[in-house]
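Worksheet: one structure, shown below.
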Amino acid sequence: MKFGIFYVLECPDHDFARAYREMLDQIAYAEQLGFDEVWLAEHHGTDYGSMPSPQVAAAAIAARTERMRIGIAVSNLTFDWPVRIAEDYAMVDVLSGGRLDFGVGRGYQPQEFHNMGVGHLQSESRERFVEALEIVRGLWSKPVGAPFSYHGKHFDLVDVDCRPAPVQQPTPPIYIASISPETLDLAADQGYNMLVTPTLMTMPELNTFVVDAKRRLRDLGRDILDLDFPMNWQIHLADTEDAAVENAREALTWYFDAALTAVPQGPDVPATYERYAQLVTAADEAGGMTVDGLREGGVVYVGEPDGLIRQIEALHDETGLQHLICWMRFGGLDHDKVMRSLELFAEHVIPHFREREPVVPRALRETDPHTATSVPEIHPYPTSPLAQEDTMGFLPVENDRSIYFEHHRGDGRPVVLIHGWGATTRAWDTTLPALRANGNEVVTVDLRCCGRSDKDFDDVSIEALASDIVRLVDHLGLDRPVINGWSLGGAVATAAVAQLGDRASALVLTGGASPRYTATDDWPHGGSVADVEGVLASAAANRAETFRGVAAAVCAENPGEAVLDSIWDMFMAMGPRGDDSLRDLATVDLRKEIAALEVPILLLHGRADNFVPFSAAEAVPALNPRAEVVEFPSSGHAPFLEERDRYLAELTGFLNR
């Protein structure tokens, strides 16, 4: 396993001479301690980073070190003429004796684009980035003196050359920083390595991305053990956990305030940068970034060495982590504290992992019999934290858009819980602990446009939502799960089980709007399509007040302000496009699908349900004799809240059959 250090060189006090001096001292010391490399980031014109020309810093580092590789993470290819970039970094490779690792990106901070005079080009940065990288690679890999021409949409070069040529041929190792499917395709096609970081996502989200990326690269014909996936992680170690937290608190707070201020946000986000704005919105909704929250989400590691060793063990097994870059000087952290953190890492962590062999991620070992037999199972710690504790992540399901899910592992029967219209995974907070105590493996998901999922889906139909559930079942490798849907989630669950066929083992409808939500001549249960349109029109006129009324109608009796507030908060987290899922529900008819199911069906339904009448549940056994109805006489639309103990007893009893 390889270990590096990383510098953005934030300088809150503007004492740049001190910052550069400390960086060079820390790098020299890290080489003595046994670190393998140093990585440098390019930033322009703000306090976020003070290294506008990493190639200049790299030349200085080359003169002060003998062994360490010098990585760039990253050179922003949209900010300069690609021929000049090729020349500068070829010179670094020569001066360092062939120690350059060349990381590239397209930039993301609007102020930097403005500062470099290319603000008007940010929306086309992805195209310009791809062309610039092709030019750099072409200049490096051709014979010295041979003319090079390139005719693209954004660059047109005729008979240009590069002096000097890099020492490493045909090129220095190239790394790409991105989390987009387009960049994965580029990496697969060209064999580029990938730089990843949890800085603007939780560690479980990053884990999901890395495993999915490696799966996709493998499916496209790449040997994932031949590709390098270094992870850059903000880390601070001290002799005690309390000391580490106290040391890092101010610097981390400063850094994340600066980071969230710098990313694209607001109404004029450039095309292809929408994800950054969603991260800012999510952070604001969560009340901002706190050190405790960052630690709990795995965005940073702040503590003592033994805890870090356990987390790296888990990452190695779960994602195949083989290359860790340690971001230890963040937010202008005191020089002495950085030096001590380096010492502790070198003393305790590096020796523990130095000889660790590469491994395919656990999920890919389990699902690919060819990989499983060719790669030995390396799992010295049987209680891997990531293997046993909750995993959260985002599953890409449409273009760049993703849905959020939580995967709670267990040895028992898998259960997928699907919330209703406008709700989130939090709807199941009273159900989830009981299922976990019952030993079940449990998955919850925020449907499209809801909760933490992306808010700008074009298709929010019941069919699309059901397809997402099928993708999630396949992604997690669930073995014949039970699908439990509440309210609108009942229609989604029915459609999903119909798609899964014998890959599902049962269907549960908790007040489920299935097989039909509105009444027709031959289905005298429910309201009308006009009623649904009336609710949506009311929401368009006064969203907050309408959702407050809907929340109040969920339970048969007033559940108290705390419960009402929690239901209302879930509704308010739904993006406006989520309204169309209710509009689709008004006309969807799943009677044929539910009649054709060959799995047990359990309906858990409140007698006083204001949304889906109890008579609709009573009618289902006539469509499918495998269905059974359990009545909750004191409940409305949420028996899992109103008659919780009986609801859980009926549900777990059904699961245990």
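Keep in mind it's a predicted model, so treat the numbers as computed, not measured.
Ring to ring, Phe155 and Trp81 are close: their centroids are under 6.0 angstrom apart. If you look at Phe113 and Phe79, their ring centroids are closer than 6.0 Å.
Of the possible polar contacts, none joining the Ser341 side chain to the Lys337 backbone as a donor-acceptor pair under 3.5 Å is found. Checking side-chain atoms of Glu10 against main-chain N and O of Phe330 turns up no donor-acceptor pair under 3.5 Å. Side-chain atoms of Arg67 come within 3.5 Å of backbone N or O of Phe35 as a donor-acceptor pair. Panel note: side chain Gln109, backbone Gln111; no donor-acceptor pair is recorded below 3.5 Å. Although no hydrogens or angles enter the test, the distance criterion places a donor-acceptor pair under 3.5 Å between the side chain of Glu131 and the main chain of Lys153. A distance-only check finds a donor-acceptor pair linking the side chain of Asp93 to the backbone of Val167 [under 3.5 Å]. Between the side chain of Lys214 and the backbone N or O of Val360 there is no donor-acceptor pair closer than 3.5 Å. Side-chain N or O atoms of Lys455 include one that pairs as donor or acceptor with a backbone N or O of Ser453 at under 3.5 Å. Looking only at distances, a side-chain donor or acceptor of Gln168 sits under 3.5 Å from a matching main-chain atom of Leu100. Looking at Arg137, its side chain never comes within 3.5 Å of a backbone N or O of Ile174 through a donor-acceptor pair.
Considering SG of Cys326 and CG of Leu342, their distance stands at 8.0 Å, rounded to 0.5 Å. Rounded to the nearest 0.5 Å, atoms CG (Asp47) and NE2 (His14) are 3.5 Å apart. To the nearest 0.5 Å, atom CE of residue Met328 and atom CG of residue Leu237 are 5.0 Å apart. Atoms CD and OG1, on Glu37 and Thr65 in that order, are 12.0 Å from each other to the nearest 0.5 Å. Considering CD of Glu343 and NE2 of His348, their distance stands at 10.0 Å, rounded to 0.5 Å. One finds the CH2 atom of Trp327 at 13.0 Å from the CE atom of Met231 (value rounded to the nearest 0.5 Å).
The minimum heavy-atom distance linking Ala19 with Arg329 is given by the pair CB-NH2, 3.8 Å. For Val8 against Ala41, the heavy-atom pair with the smallest separation is CG2-CB, 3.9 Å. Of all non-hydrogen atoms in Ala248 and Leu333, the two that sit nearest each other are CA-CD1, 4.3 Å. Between Ile176 and Leu133, the shortest heavy-atom contact is CD1-CD2, 4.2 Å. Shown here for Pro110 and Ala262, the closest heavy-atom pair between the two residues is CD-O, 3.3 Å. The minimum heavy-atom distance between Pro12 and Gly331, with the atom names listed, is CG-O, 3.8 Å.
Using a 4.5 Å cut-off on side-chain heavy atoms (C-beta onward), Asp13 and Arg18 make contact. Taking 4.5 Å as the limit, every side-chain heavy atom of Thr197 sits out of range of all side-chain heavy atoms of Phe6. Contact annotation: the side chain of Leu315 approaches that of Met203 to within less than 4.5 Å [non-hydrogen atoms, C-beta and beyond]. Side-chain atoms of Leu33 and Phe345, non-hydrogen and from C-beta on, never get closer than 4.5 Å to each other. Using a 4.5 Å cut-off on side-chain heavy atoms (C-beta onward), Pro173 and Asp228 make no contact. The side-chain heavy atoms of Val92 and Pro172, taken from C-beta on, include no pair separated by under 4.5 Å. Between Met51 and His43, the closest side-chain pair of non-hydrogen atoms is not below 4.5 Å. Annotation: side chain of Ile312 is not in contact with side chain of His352 (no heavy-atom distance under 4.5 Å).
Under a 4.0 Å N-O distance rule, the pair Arg84/Asp88 qualifies as a salt bridge. Taking the charged nitrogens against the carboxylate oxygens, Glu313 and Arg356 do have a contact shorter than 4.0 Å, which makes a salt bridge.
Aromatic ring orientation, Tyr255 versus Tyr48: tilted (interplanar angle from 30° to 60°).
Considering only residues two or more places apart in sequence or on other chains, Arg128 meets the side chain to side chain donor-acceptor pair (under 3.5 Å) condition with none of them. The ring-ring contact (aromatic ring centres under 6.0 Å, His included) search around Tyr29 returns none, not counting sequence neighbours.
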Candidate pair Glu134 and Tyr150, rule side-chain hydrogen bond (donor to acceptor under 3.5 Å, both in side chains), full reasoning | CA-CA 9 Å; Glu134 289 176 352; Tyr150 182 89; 2.5 Å; yes
Between Asp25 and Arg64, does a salt bridge (Lys or Arg N to Asp or Glu O under 4.0 Å) hold up when you go through it step by step?
-> CA-CA 9 Å; Asp25 288 347; Arg64 293 190 53 152; 3.3 Å; yes
Before giving the answer on side-chain contact (heavy atoms from CB on, under 4.5 Å), spell out for Phe353 and Leu321 the whole-Å C-alpha distance, their side-chain angles and the decisive distance to 0.1 Å.
-> CA-CA 11 Å; Phe353 294 100; Leu321 178 69; over 6 Å; no
Passes side-chain contact (heavy atoms from CB on, under 4.5 Å), Met23 versus Ile27? Steps please.
-> CA-CA 6 Å; Met23 178 185 74; Ile27 292 168; 3.7 Å; yes
Kindly indicate, with the supporting measurements, whether the criterion side-chain contact (heavy atoms from CB on, under 4.5 Å) is fulfilled by Arg215 and Val211.
-> CA-CA 6 Å; Arg215 178 185 289 110; Val211 174; 4.1 Å; yes
Determine, stepwise, if the pair Leu40 / Ile61 fulfils side-chain contact (heavy atoms from CB on, under 4.5 Å).
-> CA-CA 10 Å; Leu40 311 171; Ile61 292 165; 3.7 Å; yes
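Geometric assessment of Arg106 against the ring of Phe129 yields a negative cation-pi assignment under the 6.0 Å and 45° thresholds.
In the displayed structure, Met68 atom CE is contacted under 6.0 Å by more than 12 heavy atoms of other residues, nucleotides or ligands.
Of the listed residues (His323, Arg69, Arg354, Lys2), just one forms a side chain to side chain donor-acceptor pair (under 3.5 Å) with Asp36, and that residue is Arg354. For the side-chain contact (heavy atoms from CB on, under 4.5 Å) with Trp39, the qualifying choice from Ile72, Ile5, Asp101 is Asp101, the only one to do so.
Defined by atom type and a distance below 3.5 Å, a donor-acceptor pair is missing between the side-chain atoms of Gln234 and His236.
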